[in-house]
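Remember, predicted model here, so these are calculated numbers, not experimental data. Start at 1 and go down the list; that is how both ligands and their atoms are numbered.
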Amino acid sequence: MEQILLTPGPTPLPPCVREALARPVIHHRTSEFSKIFSDVVSGLQYVFRTKNTVLVLPGTGTSGMEACVVNLMSPGDSALVLSCGVFGQRWARILDAYSIAAKVIEDDPGNASSSGKLLSELRGSGRKYKAVFFTHVETSTGVLNPVREISRLIRENSGALAVVDAVSSLAAEPLETEDWGIDAAVSASQKGLMNSPGLAFTALSERALKAARSCVSPRFYYDFRAMLESSADSQMPYTAPVSLVAAQAQSLSLIRAEGIENVWARTAQNAAFARTELSRMGFDIFPRTPSSALTTALVPRGLDAGKLVRYLAERHGVRIAGGQAGLKNKIVRVAHMGYAGKSYLRKGLDAIEKTVKEINANGKTA
Ligand code: PMP
């Protein structure tokens, strides 16, 4: 049975990426590796839309988030977090783990982070925040946050760094890291970047680099200063995950060949197709501002979302995701970023339609 992977990470891999992962491993302290590494860095600058520093970290997206916290926030600094779901809350949890005081502005799942609430907080006490942490695409709800607007408000009303989680949005949603004045953007290999999980990336402004240099929080493995030093020689500080880096070079060259604007447009078309099809089948699109990276939808009344996700995988080889936290058994999440093309997506959506019919036909006994 063909496996169709429509989860919001990992996403399916293009053949050239799979081939790169299968190649004999090379040593990392070689010019061969340095060449691949510098291709990856310039490819990432292209995708993040920045000429500034991009660091490559071994680890998944959360490692990049944690690295931003320990490199930008010193003991005694305060942070503002905009949260509208599990991944906004993750910022708050990481800050809490390092005893950094954080005020959290929470919006209800399905809603975007509110610019109005941000503005009144910044007008009241913007100067006290070292950084504002927020999320571009909130993968737990499928919400697209107004990152451009949020960054502008931060810039105009505070001296805080704008730190965005772009794990689910990079190479799926338009993101202009440099133009929008984002100081730190974090992403990961396994979503729009079409690679296996295991790499995180941070795009850092001059202001963020300055903050990292003067930050006094204890850190070792994820120290931006060490990464910057090695990066100058197109190296990573410790043993590099060479196969993942080589695979990343492949997927970035595919993105470059297609053109990032075309990737965004294609992903938006996939999203429109998924929303139309799921609505036709009786699902309700959950977010008010849905992202192009993934579609989240409330299942038709009476249908068990958990059962749908399980049967799809067992009977049709189609893997989608259910809801997290309070949305467990209420929504399904279907991703359409990265290598998932329209015909691949159509197969998944056809299987969803078939499975809903099977469950309904078999009633509660299915
Ligand atoms: N932020 C967002 C928006 C995500 O979707 C994810 C992964 N689902 C993460 C952070 C965490 O990334 P990882 O699981 O790669 O650590």
| message | Can you report which non-hydrogen protein atom sits closest to atom 5 (O) of ligand 1, along with the distance? | response | Thr139 OG1, 2.4 Å
| query | What closest approach, in Å, do Pro287 and Thr296 show between heavy atoms, and which atom pair accounts for it? | reply | CD-OG1, 3.2 Å
| message | Among all protein heavy atoms in this structure, tell me which lies nearest to atom 6 (C) of ligand 1, with the distance rounded to 0.1 Å. | response | Phe87 CE2, 3.3 Å
| query | Heavy-atom contacts under 4.0 Å between Thr62 and ligand 1: side chain, backbone, both, or neither? | reply | both
| query | Can you find an N/O atom of Thr60 closer than 3.5 Å to an N/O atom of ligand 1? | reply | yes
| query | Just by modelled atom types, is the Gly323 backbone N or O under 3.5 Å from a matching donor or acceptor in the Arg333 side chain? | reply | no
| field | Polar contact flag for Gly61 and ligand 1 (N/O pairs, less than 3.5 Å) | value | yes
| said: So does Val86 get a backbone contact from the side chain of Gln324, meaning a donor-acceptor N/O pair under 3.5 Å? | reply: no
| query | Within the structure, does Ser63 bring an N/O atom to less than 3.5 angstrom of an N/O atom in ligand 1? | reply | no
| request: Taking Ser158 for its side chain and Ala160 for its backbone only, find out whether a donor-acceptor pair lies under 3.5 Å. | output: yes
| query | Between Asp233 and Ser230, is there a donor-acceptor pair closer than 3.5 Å when you use the side chain of the first and the backbone of the second? | reply | no
| note | shortest atom 1 (N) of ligand 1-to-protein heavy-atom contact is with Asp165 OD2, 2.5 Å
| remark: atom 8 (N) of ligand 1 sits nearest the protein heavy atom Lys191 NZ, 2.9 Å
| Taking distance alone, with no angle check, do Arg90 and ligand 1 share an N/O pair under 3.5 Å? | no
| If only atom types and distance count, is the side chain of Arg266 paired as donor or acceptor with the main-chain N or O of Glu258 below 3.5 Å? | no
| task | Take every heavy atom of Ser168, measure it against each atom of ligand 1, and state whether any distance is under 4.0 Å. | result | yes
| Please walk me through it: do Lys103 and Glu121 pass salt bridge (Lys or Arg N to Asp or Glu O under 4.0 Å)? | CA-CA 10 Å; Lys103 165 153 184 145; Glu121 180 61 27; 3.6 Å; yes
| query | Do Val163 and Trp180 belong together in a cluster built from hydrophobic side chains that touch within less than 4.5 Å? | reply | no
| If hydrogens are left out, which of Met65, Gln190, Glu66 has an atom nearest to atom 14 (O) of ligand 1, that is, the closest non-hydrogen atom? | Gln190
| What atoms of ligand 1 come within less than 4.0 Å of a heavy atom belonging to Val137? | 3 (C)
| task | Pick one of side chain, backbone, both or neither for how His136 approaches ligand 1, counting any non-hydrogen atom pair under 4.0 Å. | result | neither
| query | For Val318, does its backbone N or O pair with a side-chain atom of His316 as donor and acceptor, under 3.5 Å? | reply | no
